[in-house]
J.: 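This structure is in structure tokens; I'll ask about it shortly.
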Amino acid sequence: MSKETGHSDHIPGTFVFTGKRSAKGLKLNKFAYSLAKAENREAFGKDPVAYMDTFGLSDWEKQKIIEKDVKALVEEGGGSIYMLIKIGAVTGDGLASMGAQQRGETLEEFMATRNVPLKQNT
Amino acid sequence: MSKETGHSDHIPGTFVFTGKRSAKGLKLNKFAYSLAKAENREAFGKDPVAYMDTFGLSDWEKQKIIEKDVKALVEEGGGSIYMLIKIGAVTGDGLASMGAQQRGETLEEFMATRNVPLKQNT
Amino acid sequence: MGKIVAGVGSSHVPSIGSAFDQKAQESPEWKPLFDGYKPAKAWLKEKEVTHAIVIYNDHGTDFFFDKCPTFAMGAAEEYPIGDEGWGIRDLPTVKGDLDFSWHLANSIIGESEFDLTICQEMVMDHGLLVPLPLLFDFEPDWGVKTVPLHVNVLQHPLPTPNRLWQLGQAIRKAVESYPEDARVAVIGTGGLSHQLHGNRFGHMNENWDQEFLDMIEDDPKKLIDIPHDVWMERGGAESVEMIMWLGMRGALTQDVNKVHRSYYMPMLTGMGITVMEDKVASAA
Amino acid sequence: MGKIVAGVGSSHVPSIGSAFDQKAQESPEWKPLFDGYKPAKAWLKEKEVTHAIVIYNDHGTDFFFDKCPTFAMGAAEEYPIGDEGWGIRDLPTVKGDLDFSWHLANSIIGESEFDLTICQEMVMDHGLLVPLPLLFDFEPDWGVKTVPLHVNVLQHPLPTPNRLWQLGQAIRKAVESYPEDARVAVIGTGGLSHQLHGNRFGHMNENWDQEFLDMIEDDPKKLIDIPHDVWMERGGAESVEMIMWLGMRGALTQDVNKVHRSYYMPMLTGMGITVMEDKVASAA
Ligand SMILES: [Fe+3]
Ligand SMILES: [Fe+3]
């Protein structure tokens with residue numbers, strides 16, 4: 001039982017979204033959640049840093065968002081993949097790209113592992 | 001069992017705040033709930049009708065609010081007394097005044113029935 | 001009188017909705033999936049289903065982690081289509097039934113002692129909007145009245161599989177005490193196997209998915225005792241949402257008539273559908 | 001190790017908060033009320049209470065009827081003071097304990113199968129803010145860490161009295177499995193008799209209030225089977241919130257040491273307070 005997460009993270013490559021992680025990532029996830037609104041997507045697209053600052057994100061969070069480092073945001077930042085995926089609605093990244101990055105693969109490498117590589121990638 | 005309210009209104013002088021009543025009074029209660037914010041209290045105070053219109057209140061609702069007819073708002077309008085009391089934060093009415101009106105008494109008549117008539121009247 | 005007619009389990013993968021909107025139903029990649037829903041929709045229509053209770057989860061469309069209900073049920077005349085980040089899908093506003101919803105609330109909270117959050121305003125998410133138009137008419141308007149029932153499967157602690165099962169039983173009790181006519185389909189959504197985060201991203205498990213489909217039909221009570229960790233281990237972390245199917249299955253008779261089943265595992269998620277007829281309904 | 005030390009039942013009438021802020025504690029109308037809290041506060045301090053789990057209800061400060069949870073528990077470091085319409089009271093932000101809250105959530109949802117709404121953002125209402133500064137130090141900052149637990153007692157269907165009792169038992173189980181040191185007071189708030197609407201406005205019932213106080217101390221299980229209608233009939237419609245005291249009492253040992261009790265019925269509401277010591281805590 002991990003003291004930090006209050007949950008056994010025993011499944012390799014898996015970071016269970018516990019309450020502790022949710023608490024840690026609350027600002028980050030709130031920023032991403034906000035992108036479900038069209039006017040917020042526009043504001044983020046226009047001036048990413050200014051928009052992220054309205055959510056009080058840390059320098060580390062802003063950097064990882066700009067670098068599209070979903071792996072770090074999930075593993076260290078308490079990001080929920082269900083919220084982070086909304087960032088892609090602005091940056092153009094699909095779920096498969098975010099997945100490939102988390103696996104340490106290129107999108108092409110990842111797609112080659114799939115039964116049927118679908119066009120719709122969320 | 002009343003079909004309208006889904007609840008037995010068998011206690012005289014009592015209008016149980018059922019789901020059906022809550023559905024009926026949703027806009028009215030939302031308007032009153034909004035007055036928990038200082039900027040909304042100010043807007044309502046400045047131009048009551050214009051402010052009520054932003055909540056899509058019916059003519060009947062607006063009239064009863066202006067007439068301070070809490071009895072009608074509760075008995076017919078689906079108003080929750082916990083929300084309606086916030087209207088008093090703008091109009092200056094306290095809970096005792098609203099209670100007297102619902103009982104069909106003047107505030108003085110009502111206060112005379114109390115053990116200790118408190119200054120703080122909410 | 002209220003009556004449970006059917007139980008449906010269905011995936012709610014967002015890409016199904018995108019393919020649907022892009023009219024990709026006949027494309028080679030998508031045909032196997034969409035063809036699997038045709039007999040389901042035809043049979044539900046034949047059974048004259050009037051109401052759907054849809055057990056699904058919101059994915060950050062209406063709910064956020066500021067206030068995270070374990071179970072949230074709708075009690076509204078209408079449920080708007082949500083924007084999940086990519087705009088609002090061109091579907092008619094989901095139609096509710098106030099009287100039916102409040103009856104369910106009174107029974108499920110007041111008698112069965114579930115601690116529902118009751119939503120008089122609730123915005124719909126792909127968790128519900130992906131399966132609904134594959135199962136019911138929606139043009140020009142919905143052919144069914146819907147009660148959305150959201151389950152927290154995102155932020156741990158989640159409700160236990162047993163709690164979902166009990167919720168299904170409470171739903172049955174509530175439907176059967178409804179004094180008006182209602183022919184109800186209970187729909188559990190989510191899954192099947194998939195993992196969307198970590199370096200285990202992309203994990204799928206067809207064997208487990210097929211075993212799950214067998215069990216949900218024939219031996220659902222065996223699923224109740226499987227802890228969340230085991231669901232996540234077998235099917236991928238995000239597949240734990242499959243526990244929502246137990247909310248549907250718990251509402252049905254122990255034995256059911258198996259009507260239809262289909263499975264497809266193209267890219268990231270095992271996509272399954274199963275349709276079952278309630279034994280009491282079929283005997284009537 | 002977590003340990004339940006005390007149970008407190010207390011009214012949360014807003015006018016108490018106004019009188020408190022106006023420093024009317026020594027005025028003839030208010031002295032009987034405030035004097036009743038002095039021994040309670042002194043005893044809780046002596047018992048070195050570190051955490052308060054406060055079962056209360058929000059009255060349209062944070063929650064509205066758009067999304068109405070049956071039970072909502074806080075899991076935050078801080079809980080801001082709300083504006084209920086008359087401005088923000090001059091009290092320090094309520095202090096929480098993240099680790100303790102999430103432990104409670106894991107146990108109460110994951111083991112005891114309650115369907116809590118978990119709030120990482122939650123604004124405090126008089127339901128909690130009236131009793132808290134009467135029971136604990138708050139200057140310059142709070143002497144206790146708080147877990148707010150909101151109960152829907154406004155919009156029917158309400159949770160049953162039995163469900164509150166069971167919640168209390170789940171709280172006890174959760175506290176006792178907490179691995180860190182915590183000396184916990186469970187506080188149930190609300191009531192006593194009052195009615196705030198209809199032409200029965202102003203109804204009070206001292207006999208019932210005193211009988212309730214007797215029963216909550218000596219024979220609380222008898223209260224479980226009283227239906228909501230009977231609470232409303234006896235004590236006034238809004239007094240049904242007294243069921244929240246059962247959430248406190250269910251967390252304690254069957255037998256308790258009675259520490260303190262006081263009652264005052266000035267204008268609109270019977271105002272009661274009772275303090276009980278847990279038998280396990282007192283034996284240790
Ligand atoms: Fe999902
Ligand atoms: Fe109250």
Side-chain angles (χ1 to χ4, degrees), chain A residues 5-8 10-23 25-26 29-30 32-38 40-41 70-71 74-75 79-90 94-96 98-105 110-111 113-122, chain C residues 13-22 24 27-30 32-33 57-66 68 82-88 123 125-126 153-158 195-204 206 228-230 232-234 236-238 240 264-268:
Chain A
T5 63
H7 203 284
S8 55
H10 71 275
I11 308 170
T14 301
F15 305 86
V16 176
F17 192 69
T18 57
K20 295 287 174 72
R21 286 210 168 93
S22 186
L26 194 63
N29 289 321
K30 190 185 264 191
Y33 170 72
S34 77
L35 300 174
K37 286 211 169 106
N40 294 337
R41 293 195 288 276
V70 177
K71 181 179 164 70
V74 165
E75 296 185 9
S80 158
I81 190 64
Y82 289 113
M83 302 300 144
L84 298 181
I85 192 180
K86 296 177 195 294
I87 301 174
V90 177
L95 183 57
M98 293 186 177
Q101 191 270 337
Q102 291 180 82
R103 286 161 59 111
E105 295 173 350
F110 173 65
M111 290 304 257
T113 68
R114 302 294 97 187
N115 296 337
V116 181
L118 297 173
K119 207 169 53 202
Q120 294 82 1
N121 98 35
T122 60
Chain C
V13 187
S15 60
I16 300 175
S18 310
F20 182 87
D21 293 346
Q22 292 161 18
S27 71
E29 310 88 53
W30 281 108
L33 183 280
N57 74 291
D58 182 271
H59 306 71
T61 304
D62 194 4
F63 296 95
F64 179 61
F65 305 126
D66 57 340
C68 179
D83 181 348
E84 306 192 27
W86 294 266
I88 295 173
V123 175
D125 172 284
H126 73 261
V153 290
L154 262 53
Q155 175 185 276
H156 294 243
L158 314 182
Q195 176 148 344
L196 304 181
H197 83 269
N199 41 314
R200 202 169 176 243
F201 181 98
H203 173 81
M204 295 187 287
E206 175 160 4
H228 296 130
D229 277 1
V230 175
M232 293 192 280
E233 193 151 13
R234 289 185 188 166
E238 279 67 37
V240 71
Y264 182 49
M265 193 183 81
M267 189 164 102
L268 286 177

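Reckoned from all heavy atoms, side chains included, excluding hydrogens, waters and symmetry mates.
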J.: Do you know which two heavy atoms are closest between C:Leu196 and A:Ile81, and how far apart they sit?
T.: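 Nearest heavy atoms, C:Leu196 then A:Ile81: O-CG1, 3.2 Å.
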J.: Could you tell me which non-hydrogen atom of C:His197 sits nearest to which non-hydrogen atom of A:Val74, and how far apart they are?
T.: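 Closest approach of C:His197 to A:Val74: CD2-CG1, 3.9 Å.
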J.: So for C:Asp62, is it side chain, backbone, both, or neither that comes closer than 4.5 Å to the heavy atoms of chain A?
T.: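 The answer is the backbone of C:Asp62.
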J.: Under a 3.5 Å distance rule, please check whether A:Arg21 uses its side chain to pair with a backbone N or O of C:Gln155 as donor and acceptor.
T.: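 Checked: no pair found.
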J.: Taking only residues two or more places apart in sequence or in another chain, which ones pass side-chain hydrogen bond (donor to acceptor under 3.5 Å, both in side chains) with C:Gln195?
T.: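 In terms of side-chain hydrogen bond (donor to acceptor under 3.5 Å, both in side chains), with neighbours along the sequence ignored, C:Gln195 is linked to A:Thr14, C:Arg200.
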J.: Counting only non-hydrogen atoms closer than 4.5 Å, does C:Gln22 touch chain A with its backbone (N, CA, C, O), its side chain (CB onward), both, or neither?
T.: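 Interface part for C:Gln22: side chain.
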J.: Knowing that exactly one of C:Phe65, C:Phe63, C:Phe64 qualifies, which makes a ring pair (Phe, Tyr, Trp, His ring centres under 6.0 Å) with A:Tyr33?
T.: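 Checked C:Phe65, C:Phe63, C:Phe64 against A:Tyr33; only one passes ring pair (Phe, Tyr, Trp, His ring centres under 6.0 Å): C:Phe64.
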J.: Indicate yes or no: at least one non-hydrogen side-chain atom of A:Val116 is less than 4.5 angstrom from one of C:Tyr264.
T.: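 Sidechains of C:Tyr264 and A:Val116: in contact.
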J.: Would you call the rings of A:Phe110 and C:Phe201 parallel, tilted or perpendicular, taking 30° and 60° as the class edges?
T.: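 It falls in the perpendicular class, over 60°.
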J.: For A:Leu35, is it the side chain, the backbone, both or neither that has a heavy atom under 4.5 Å from a heavy atom of chain C?
T.: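 Only the backbone of A:Leu35 comes within 4.5 Å of chain C.
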J.: Could you pull out the closest heavy-atom pair between C:His59 and A:Lys86, with the gap in Å?
T.: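 Heavy-atom minimum between the residues: O-NZ, 3.6 Å.
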J.: If you look at every heavy atom in C:Gly85 and A:Ala89, which pair is closest and at what distance?
T.: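 For C:Gly85 versus A:Ala89, the nearest heavy atoms are O-CB, 3.2 Å.
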J.: C:Met204 versus chain A, heavy atoms under 4.5 Å apart: side chain, backbone, both or neither?
T.: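 Answer is side chain: those atoms of C:Met204 sit under 4.5 Å from chain A.
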J.: Closest approach of A:Ala96 and C:Met267, non-hydrogen atoms and distance?
T.: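 For A:Ala96 versus C:Met267, the nearest heavy atoms are CB-CE, 4.3 Å.
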J.: May I ask you to decide if C:Met265's main-chain N or O and A:Asn115's side chain share a donor-acceptor pair within less than 3.5 Å?
T.: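 Confirmed, A:Asn115 side chain pairs with C:Met265 backbone.
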J.: A side-chain contact here means heavy atoms from C-beta on lying under 4.5 Å apart; do C:Asp83 and A:Arg41 qualify?
T.: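 Yes, their side chains come closer than 4.5 Å.
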J.: Can you give me the closest heavy-atom contact between C:Ser15 and A:Leu118, atom names plus distance?
T.: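 The answer is OG-CD1, 4.5 Å.
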J.: Among A:Val90, A:Asn29, A:Leu26, which has the most heavy-atom pairs under 4.5 Å with chain C?
T.: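 Of the candidates given, the most pairs with chain C belong to A:Asn29.
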